[in-house]
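To find a chain, count down the sequence lines: A is the first, B the second, and so on, and within it residues start at 1.
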2 protein chains.
Amino acid sequence: MDRAIDFYFDFTSPYSYLASTQIEDIAARHGRTVRWHPVLLAGLTEATGVKLTPFVPIKFAYALKDLARGARLRGVPFAMPQDFPKLWLNPPRAFLWVHAAYGEDKARAFAQRVFAKAFGEGVGVNDVEVLAEVAARLDIDPDALRAGVHDDEVKAALKFRIETALANGVFGVPFMVADGEAWWGADRVRELDEYLAGQPA
Amino acid sequence: MDRAIDFYFDFTSPYSYLASTQIEDIAARHGRTVRWHPVLLAGLTEATGVKLTPFVPIKFAYALKDLARGARLRGVPFAMPQDFPKLWLNPPRAFLWVHAAYGEDKARAFAQRVFAKAFGEGVGVNDVEVLAEVAARLDIDPDALRAGVHDDEVKAALKFRIETALANGVFGVPFMVADGEAWWGADRVRELDEYLAGQPA
């Protein structure tokens, strides 16, 4: 059986950030690995007709407080990027390029650092120079990454990920799938953890 | 300080049902009481422009599995009423009438029994005869209740509850407020529990 956990996320999603700070530790504790799948939440909601939270003022007001509390409870830093909410196309494209050029482990490390920059420090990570800087610290060629985000194959790969996500029942982020069971939302990472604890290691 | 927990719910909401099976025990464990506030989720989402889950097929497919799992994890029965989703106006009106005529404790017991009928047994509880039967078992005058659901003051009271909920930042259900802190979603009842555990008794 496939024991990997599928982790669908969007770099623009602060709740994805919260989940991203926990998912690897939880998987490792239960002898599992994580497959990271970048998507665009805007692409999912366009397909479903669901309104994005930042555009529902009463819901967004709650989310801002809830996110700060969620970060506090998880013991991780939290800051909203000044340009939020904005469609960030470069981070998922950069991730997919790193994934193709350097493999899964490097891409995962890259994703974690980009999330930490975006929602740990509040930096707008759609800026290719910010992404190149993160890349360089991970011994990823920054010039190649600068070119990579404009690669047509990379752009097509992101579209394909979004279509695949929808085909797999993913309508929001973060979204986790393990053993065919699905959990939606940063607040469900804990339930996933408990589920995994109940499965044979 | 006001130590009561405000619990906003909709009788048509299966996630409200899940939360309704836990909220009183949790409150009691921490020396708190619960104020039950019926609202119409459709009224809230009309104001916010948010699409109701049953009308987003990909999301509803997830919710049905998630609800069954949530009931299993909580050890409570679960069945979707055959007429779901339907606008149920009579249960919240009946609740408000019971509240006015018999007080808070009776209204709470009534709400719990109506929820158990709806999502524990899968019965369409908009039927006034079903509500009258539940009422009778709680020594509530069923004939007075039959008349009560059509009372103009009761109808106005429900509208007022929805407006008040929105004014208090409530955009979905179940929604819990304690000490000015808010939690949205059945999956947050546990966080509320943990919060209360950390407060002076």
Asker: For A/Trp184 and B/Tyr62, take the angle between the two ring planes, folded into 0 to 90°, and tell me which bin it lands in: parallel under 30, tilted 30 to 60, perpendicular over 60.
Answerer: perpendicular
Asker: Counting only heavy atoms not in A/Phe160, do more than 12 fall under 6.0 Å of its CZ?
Answerer: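 No, CZ of A/Phe160 has 12 or fewer neighbouring heavy atoms, counting only those of other groups under 6.0 Å.
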Asker: What part of A/Lys51 is in contact with chain B, defined as an atom under 4.5 angstrom from a non-hydrogen atom: side chain, backbone, both or neither?
Answerer: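 Looking at A/Lys51, just its side chain touches chain B.
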Asker: Check this for me: B/Arg137, atom CZ, are more than 12 non-hydrogen atoms of other residues, nucleotides or ligands nearer than 6.0 Å?
Answerer: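 No, not enclosed.
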Asker: Would you mind telling me which of B/Gly185, B/Ala47, B/Gly169, B/Pro57 has the largest number of heavy-atom pairs within less than 4.5 Å of chain A?
Answerer: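 So the answer, after comparing B/Gly185, B/Ala47, B/Gly169, B/Pro57, is B/Gly169.
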Asker: Verify the neighbour count for atom CD of B/Glu104: are there more than 12 heavy atoms of other residues, nucleotides or ligands below 6.0 Å?
Answerer: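 Buried by this count: over 12 neighbours within 6.0 Å.
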Asker: Evaluate B/Lys65 against A/Glu181 for side-chain contact (heavy atoms from CB on, under 4.5 Å), listing each step before the verdict.
Answerer: CA-CA 9 Å; B/Lys65 287 184 197 167; A/Glu181 284 250 9; over 6 Å; no
Asker: Tell me whether A/Glu121 at atom CD has more than 12 heavy atoms from other residues, nucleotides or ligands lying less than 6.0 Å away.
Answerer: yes
Asker: Can you tell me if CZ on A/Arg35 sees more than 12 non-hydrogen neighbours from other groups inside 6.0 Å?
Answerer: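 More than 12 within 6.0 Å, yes.
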Asker: Using a cut-off of under 4.5 Å for heavy-atom pairs, which of A/Thr53, A/Val56, A/Asp187 has the most such pairs with chain B?
Answerer: A/Asp187
Asker: In terms of heavy-atom pairs under 4.5 Å with chain A, which of B/Val50, B/Asp66, B/Val170, B/Leu166 leads?
Answerer: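 Result: the option with the highest number of such pairs is B/Asp66.
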Asker: If you measure from CG on A/Leu44 to NZ on B/Lys59, what distance do you get to the nearest 0.5 Å?
Answerer: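 Going from the CG atom of A/Leu44 to the NZ atom of B/Lys59 covers 11.5 Å.
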Asker: Between A/Leu73 and chain B, with a heavy-atom cut-off of 4.5 Å, which part of the residue counts as in contact: side chain, backbone, both or neither?
Answerer: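 Side chain of A/Leu73 only, per the 4.5 Å heavy-atom cut-off to chain B.
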Asker: Hey, mind stepping through A/Arg69 and B/Tyr195 against side-chain contact (heavy atoms from CB on, under 4.5 Å) and telling me if it holds?
Answerer: CA-CA 11 Å; A/Arg69 179 175 58 196; B/Tyr195 165 82; over 6 Å; no
Asker: Which bit of A/Phe175 comes within less than 4.5 Å of chain B, counting heavy atoms only: side chain, backbone, both or neither?
Answerer: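 Side chain only.
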Asker: Run the salt-bridge test on B/Glu191 and A/Arg72 with the 4.0 Å N-O cut-off and return the result as yes or no.
Answerer: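 Salt bridge between B/Glu191 and A/Arg72, a charged N being under 4.0 Å from a carboxylate O: no.
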Asker: Counting only non-hydrogen atoms closer than 4.5 Å, does B/Ala61 touch chain A with its backbone (N, CA, C, O), its side chain (CB onward), both, or neither?
Answerer: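 No part of it gets close to chain A.
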